[in-house]
S.K.: 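To start, I am sharing the structure in question, which I have written as structure tokens.
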Amino acid sequence: MMEERDFLYDDVEQTKTRFVSWIGEASRFDLAITHSEHFYGKILVLNLLSNRYAIIGADDFDEPGYIATAFDVEEDAATELEMYLRAYIGL
């Protein structure tokens with residue numbers, strides 16, 4: 001018997017996902033970056049090596065330590081990742 005659920009939403013949409021991998025000075029990065037209308041202009045960034053993810057927009061870079069905390073990486077690696085993501089979204 002199917003259990004009833006009160007869904008907040010149950011949407012299906014086409015998304016664009018970019019897979020990118022590089023070895024930086026401080027760390028290796030294997031990311032999946034997904035664009036979706038669901039996140040109101042922000043991108044979903046998944047670190048495939050650590051299984052950590054964050055929904056990131058331009059305003060999130062104003063928060064000190066956000067990238068380091070979200071992806072649980074050291075400050076040097078966070079700086080490399082932030083530089084890439086800023087360039088990726090055009091900041």
S.K.: Might you point out which heavy atoms bring Ala77 and Ala26 nearest each other, and give the distance in Å?
M.R.: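 For Ala77 and Ala26, the tightest heavy-atom pair comes out as N-CB, 3.6 Å.
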S.K.: Between Arg5 and Asp10, is there a side-chain N and carboxylate O pair less than 4.0 Å apart?
M.R.: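 No, this pair does not count.
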S.K.: Which heavy atom of Ala68 sits nearest a heavy atom of Glu75, and at what distance?
M.R.: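 Nearest heavy atoms, Ala68 then Glu75: CB-OE1, 4.0 Å.
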S.K.: Indicate, with yes or no, if Leu44 and Leu49 share a hydrophobic cluster defined by side-chain heavy-atom contacts under 4.5 Å among Ile, Leu, Val, Met, Phe, Trp and Tyr.
M.R.: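 Looking at the clustering, Leu44 is in a separate group from Leu49.
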S.K.: To the nearest 0.5 Å, how far apart are OG in Ser21 and CZ in Phe29?
M.R.: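 If I round to the nearest 0.5 Å, the distance is 10.0 Å.
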S.K.: Are Val20 and Ile56 co-members of a hydrophobic cluster defined by side-chain heavy atoms under 4.5 Å apart?
M.R.: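 Looking at the clustering, Val20 is in the same group as Ile56.
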S.K.: Are Met83 and Tyr66 connected, step by step, through hydrophobic side chains (Ile, Leu, Val, Met, Phe, Trp, Tyr) whose heavy atoms are closer than 4.5 Å?
M.R.: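 No, because Met83 and Tyr66 fall into different hydrophobic clusters, even though each may have its own neighbours under 4.5 Å.
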S.K.: For the atom pair OG (Ser36) and CD (Gln14), what is the distance rounded to the nearest 0.5 Å?
M.R.: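 That separation rounds to 11.0 Å.
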S.K.: How about Tyr88 and His35: are their ring centres within less than 6.0 Å of each other?
M.R.: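 Yes - the distance between ring centres of Tyr88 and His35 falls below the 6.0 Å cut-off.
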S.K.: How many angstroms lie between CD in Glu80 and CD in Glu82, if you round to the nearest 0.5 Å?
M.R.: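 If I round to the nearest 0.5 Å, the distance is 12.0 Å.
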S.K.: Would you say Phe61 and Val73 are hydrophobically clustered, going by side-chain heavy atoms of ILVMFWY under 4.5 Å?
M.R.: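 Cluster IDs for Phe61 and Val73 match.
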S.K.: About how many Å separate OG1 of Thr69 and CD of Glu63, when rounded to the nearest 0.5 Å?
M.R.: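 Here the interatomic distance stands at 8.5 Å.
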S.K.: Search all heavy atoms of Thr17 against all heavy atoms of Ala32 and return the closest pair with its distance.
M.R.: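 Nearest pair, atom of Thr17 first, then Ala32: CG2-CB, 4.2 Å.
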S.K.: To the nearest 0.5 Å, tell me how far Thr15 OG1 sits from Glu13 CD.
M.R.: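 Here the interatomic distance stands at 6.5 Å.
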S.K.: Between CH2 of Trp22 and OH of Tyr84, what distance do you get to the nearest 0.5 Å?
M.R.: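 One gets 6.0 Å once the value is rounded to the nearest 0.5 Å.
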S.K.: If we check side-chain contact (heavy atoms from CB on, under 4.5 Å) with Val45, which of these qualifies: Ile55, Ile67, Thr34, Leu31?
M.R.: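 Answer to the side-chain contact (heavy atoms from CB on, under 4.5 Å) test with Val45 among Ile55, Ile67, Thr34, Leu31: Leu31.
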S.K.: Go through the steps to decide whether Phe19 and Ile33 satisfy the test side-chain contact (heavy atoms from CB on, under 4.5 Å), and finish with yes or no.
M.R.: CA-CA 6 Å; Phe19 295 93; Ile33 303 170; over 6 Å; no
S.K.: Taking Ile43 as the starting point, is it possible to reach Leu46 by hopping between hydrophobic residues whose side chains are less than 4.5 Å apart?
M.R.: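 No, Leu46 does not connect to Ile43 through the hydrophobic network.
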S.K.: Any sub-3.5 Å donor-acceptor pair from Arg86's side-chain atoms to Leu81's backbone N or O?
M.R.: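 Side chain of Arg86 to backbone of Leu81: no pair is present.
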